[in-house]
Student: 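Can you keep this structure in mind? I'll have questions shortly.
Starting from 1, each residue takes its place in the sequence as its number. We use all heavy atoms of the structure for the numbers below, so side chains are in, but hydrogens, waters and symmetry mates are not.
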Amino acid sequence: MKILLIQLSDMHFKEGENPVLKKEEKLFESIRNSTLEYDEIFLVVTGDIAFSGKEKEYEIGSNFLKGLKTKLENYSKKKVQILTIAGN
């Protein structure tokens, strides 16, 4: 069994402008073909998701991760598991 780990770290989502959100499509495009070679896919998010710990920031981060997960699943036809390892 081949396992793919996709690690994203210290996203620091905040209300207003988020540079990461502008790169979502490029991120997807850069990893999508790799998903075809593996049996299991894990999206591992380490470090801080929110910039200052506000609920809205976590909501923005959650929506980003869910969107990326959906795109990867639709492309690869495989389930993607999300694992988070919180920062400070």
Side-chain angles (χ1 to χ4, degrees):
M1 175 184 295
K2 291 175 70 173
I3 298 173
L4 175 63
L5 298 176
I6 303 165
Q7 182 189 10
L8 303 175
S9 183
D10 292 305
M11 307 295 282
H12 295 278
F13 288 102
K14 59 184 175 181
E15 293 184 76
E17 188 161 331
N18 285 286
V20 175
L21 295 178
K22 293 178 183 178
K23 298 175 185 175
E24 179 182 2
E25 192 61 31
K26 288 188 183 276
L27 175 63
F28 169 69
E29 289 174 8
S30 70
I31 58 179
R32 68 182 178 193
N33 288 335
S34 295
T35 63
L36 302 176
E37 303 172 32
Y38 292 88
D39 304 308
E40 297 283 335
I41 304 167
F42 292 89
L43 181 55
V44 183
V45 183
T46 60
D48 298 328
I49 294 172
F51 180 75
S52 63
K54 294 179 183 173
E55 185 175 341
K56 181 65 176 172
E57 295 170 343
Y58 284 106
E59 183 180 320
I60 293 166
S62 177
N63 289 337
F64 173 83
L65 294 171
K66 287 177 186 176
L68 181 57
K69 176 184 184 220
T70 298
K71 285 181 179 182
L72 291 171
E73 287 179 336
N74 289 340
Y75 185 81
S76 69
K77 306 297 185 226
K78 299 171 188 160
K79 181 139 179 75
V80 175
Q81 300 292 327
I82 297 178
L83 304 171
T84 59
I85 303 170
N88 32 321

Student: Counting only pairs under 3.5 Å, give me each side-chain donor-acceptor contact of residues 63-72, with atom names and distances, residues two or more places apart or in other chains.
Tutor:
from: Asn63; atom 1: ND2; to: Glu59; atom 2: O; distance (Å): 3.3
from: Thr70; atom 1: OG1; to: Lys66; atom 2: O; distance (Å): 2.9
from: Lys71; atom 1: NZ; to: Glu25; atom 2: OE1; distance (Å): 2.8

Student: Do any pairs count as a side chain to side chain donor-acceptor pair (under 3.5 Å) and have a residue in residues 34-44, sequence neighbours left out, and if so which ones?
Tutor: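 Pairs touching residues 34-44 that pass the test: none.
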Student: Let me confirm one number: the CD1-CD1 distance from Ile41 to Ile31, rounded to the nearest 0.5 Å.
Tutor: 9.0 Å
Student: Whether the side chain of Gln81 engages the backbone of Phe42 through a donor-acceptor N/O pair (distance < 3.5 Å, no angle test) should be reported.
Tutor: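 It does not hold such a pair.
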Student: Do Phe51 and Ile49 belong to the same hydrophobic cluster, where Ile, Leu, Val, Met, Phe, Trp and Tyr are linked whenever their side-chain heavy atoms lie under 4.5 Å apart, directly or via other members?
Tutor: no
Student: Is Leu21 close to Ile60 at the side-chain level, that is, under 4.5 Å between some pair of heavy atoms?
Tutor: yes
Student: Counting C-beta onward and ignoring hydrogens, is there a side-chain heavy-atom pair between Ile85 and Val45 closer than 4.5 Å?
Tutor: no
Student: For the CG atom of Leu8 and the CG atom of Leu27, what is their distance to the nearest 0.5 Å?
Tutor: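 It comes to 6.0 Å.
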Student: Minimum heavy-atom separation for Ser52 and Glu57, please, with both atom names.
Tutor: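 Closest approach of Ser52 to Glu57: N-OE1, 2.7 Å.
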Student: Give, for atom CD1 of Ile6 and atom CG of Leu83, the distance between the pair rounded to the nearest 0.5 Å.
Tutor: 11.0 Å
Student: Taking NZ in Lys78 as the centre, count heavy atoms belonging to other residues, nucleotides or ligands within less than 6.0 Å. Is the count above 12?
Tutor: yes
Student: Shared ILVMFWY cluster between Leu5 and Met1, side chains joined below 4.5 angstrom?
Tutor: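 Yes, Leu5 and Met1 fall within the same hydrophobic cluster.
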Student: May I ask you to test the Ser76-Arg32 pair for a side-chain heavy-atom distance under 4.5 Å?
Tutor: no
Student: Distance-only check: which donor-acceptor pairs under 3.5 Å involve side-chain atoms of residues 9-19, not counting sequence neighbours?
Tutor:
from: Ser9; atom 1: OG; to: Thr46; atom 2: O; distance (Å): 3.4
from: Ser9; atom 1: OG; to: Thr46; atom 2: OG1; distance (Å): 3.1
from: Asp10; atom 1: OD1; to: Asp48; atom 2: N; distance (Å): 3.0
from: Glu17; atom 1: OE2; to: Lys22; atom 2: NZ; distance (Å): 2.8
from: Asn18; atom 1: OD1; to: Lys14; atom 2: N; distance (Å): 2.8
from: Asn18; atom 1: ND2; to: Lys14; atom 2: O; distance (Å): 2.5
from: Asn18; atom 1: ND2; to: Gly16; atom 2: O; distance (Å): 3.3

